[in-house]
Amino acid sequence: MSYYLTESGVDADTTTIVVGGELDTRAAPALREALERASDAGVTHVIVDLTDTTFIDSTAIGALLWASKQVGEAAGELQVVCTNRNVLGIFEIAGLDHFIRVSQTHEEALQAAAMPAELRVR
Amino acid sequence: MTAVSSREREVWLAAEAGGLAETRRLADEAAASYGLEESERFAFTFAVNEAVSNAIEHGAPSPEGTIRIRFSEEGDKLVFCVQDYGEFAPRTPLHDQRAARGRGLAFMAAMVDELDLCRGAAGTVVRLSKRRTPSGFASANGRRSSRRPA
C-alpha cells in the first residue's frame with residue numbers, strides 16, 4: 001500500500017486525519033470515508049494533516065473540497081496541514097487555498113481552530 | 001515492458017488502480033531523464049497520473065485487460081500517450097466549483113504544454129507533452145507556455 005491514514009479525536013470538537021504517502025485513486029476512498037465519518041459525527045473542526053503526503057491527485061482534492069463544504073455548512077471548518085511545495089502547488093492550481101485554510105504545522109491548525117470564528121483570518 | 005528505443009518506453013499496463021504507483025515512477029524517471037527540474041517533473045507526473053487514472057476508471061481495457069502507455073522524446077518535447085479502448089468521459093462540474101469530481105482534465109491541461117484527446121471507434125488516446133523550461137527562468141507549478149488544449 002502506498003499510503004497510510006489515521007484518525008484521532010483531539011477533543012470533543014476536533015478530529016485530526018493524518019494521511020501520508022501517495023494519495024491517488026486507491027487512497028481517495030479511504031480519505032473520503034474518514035471525512036464522511038468526521039462530518040457525520042458533527043465535529044466542528046476537521047484537520048487533515050498532509051505533512052507526510054508526497055503526492056495528491058484530483059480525486060483526493062475533490063474529497064477535501066467536498067468535506068470542506070459539508071463541514072462548513074454545519075458551521076464548522078476543515079483545515080489542511082501541508083508543507084510539501086509540490087502538493088501546495090497543486091492546491092494553488094486547484095484553487096483549494098481559496099476555500100480551505102492551509103497551515104504549516106498541526107499546532108498552527110489547532111491554534112486557528114481554537115480561535116472564535118469571527119476572528120479567524122485565512 | 002517494452003523499450004522501443006533509448007528515448008521511448010512503452011508499457012502495457014493492467015487496467016487497475018494498483019498500476020498507478022508504477023506509472024508515476026516511470027513518469028518521474030522519464031521526466032528526470034529528459035532533464036525537467038523538480039517542480040516540472042512533479043507536474044508531468046501529476047498529469048500522467050490523471051490521464052492514466054481516467055483511462056482506468058472510464059475507459060475500457062484491451063481484451064487482455066490492459067491499457068497502453070508510452071513515454072517518448074520527440075524533438076524538444078517529452079511526450080506521454082495513454083490508449084484505452086473505451087470512450088473518454090470527462091465530467092465537468094457545471095455549477096459547483098467545489099464539486100467532488102470532474103476536474104482531472106482541467107488539471108492535466110494546467111500541468112503540461114500540450115494536451116490532445118483523440119476519441120475514435122477503437123478507443124481513446126490522450127497525448128500530453130511538456131518542454132523544458134529555458135534555463136534562467138524559474139518555473140512555477142502549472143505555468144504553461146503554449147496553446148491550450150482543443
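Please read these numbers as outputs of a predicted model, since none were measured by experiment.
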Item to check | Cluster link L23(A) to V48(B), ILVMFWY, side chain under 4.5 Å | outcome: yes
Item to check | Shortest non-hydrogen contact from A21(B) toward E22(A) | outcome: CB-OE1, 4.2 Å
Checklist outcome for this item: So OG1 of T45(B) and CZ of F55(A): to nearest 0.5 Å the spacing works out to 7.5 Å
Checklist entry - Roughly how far apart are S2(A) OG and R24(B) CZ, rounded to 0.5 Å? => result 5.5 Å
Checklist entry - Are W66(A) and L64(A) linked, directly or through other ILVMFWY residues, by side chains that come within less than 4.5 angstrom of each other? => result yes
Checklist outcome for this item: Rounded to the nearest 0.5 Å, the CD atom of E50(B) sits from the OG1 atom of T59(A) at a distance of 7.0 Å
Checklist entry - Given side chains that start at C-beta, do those of D24(A) and S53(B) come closer than 4.5 Å, heavy atoms only? => result no
Item to check | Spacing of D57(A) atom CG and L20(B) atom CG [to the nearest 0.5 Å] | outcome: 8.0 Å
Next on the checklist: Assigning hydrophobic clusters by single linkage (Ile, Leu, Val, Met, Phe, Trp, Tyr; side-chain heavy-atom cutoff under 4.5 Å), is F44(B) placed with V79(B)?
Outcome noted: no
Item to check | CA sep, side-chain torsions, deciding dist, call: R41(B), N86(A), side chain to side chain contact (heavy atoms under 4.5 Å, CB included) | outcome: CA-CA 10 Å; R41(B) 281 168 57 182; N86(A) 288 323; over 6 Å; no
Checklist entry - Side-chain heavy atoms under 4.5 angstrom apart, residues restricted to Ile, Leu, Val, Met, Phe, Trp, Tyr: same cluster for V125(B) and I69(B)? => result no
Next on the checklist: Let me check something: do V10(A) and V19(A) share a hydrophobic cluster, defined by ILVMFWY side-chain heavy atoms less than 4.5 Å apart, either directly or through other members?
Outcome noted: no
Next on the checklist: Is it the case that atom CD in E108(A) sees more than 12 heavy atoms from other parts of the structure closer than 6.0 Å?
Outcome noted: yes
Checklist entry - With a 4.5 angstrom heavy-atom cut-off, which part of F46(B) approaches chain A: side chain, backbone, both or neither? => result both
Checklist entry - Shortest non-hydrogen contact from F42(B) to I90(A)? => result CE2-CG1, 3.5 Å
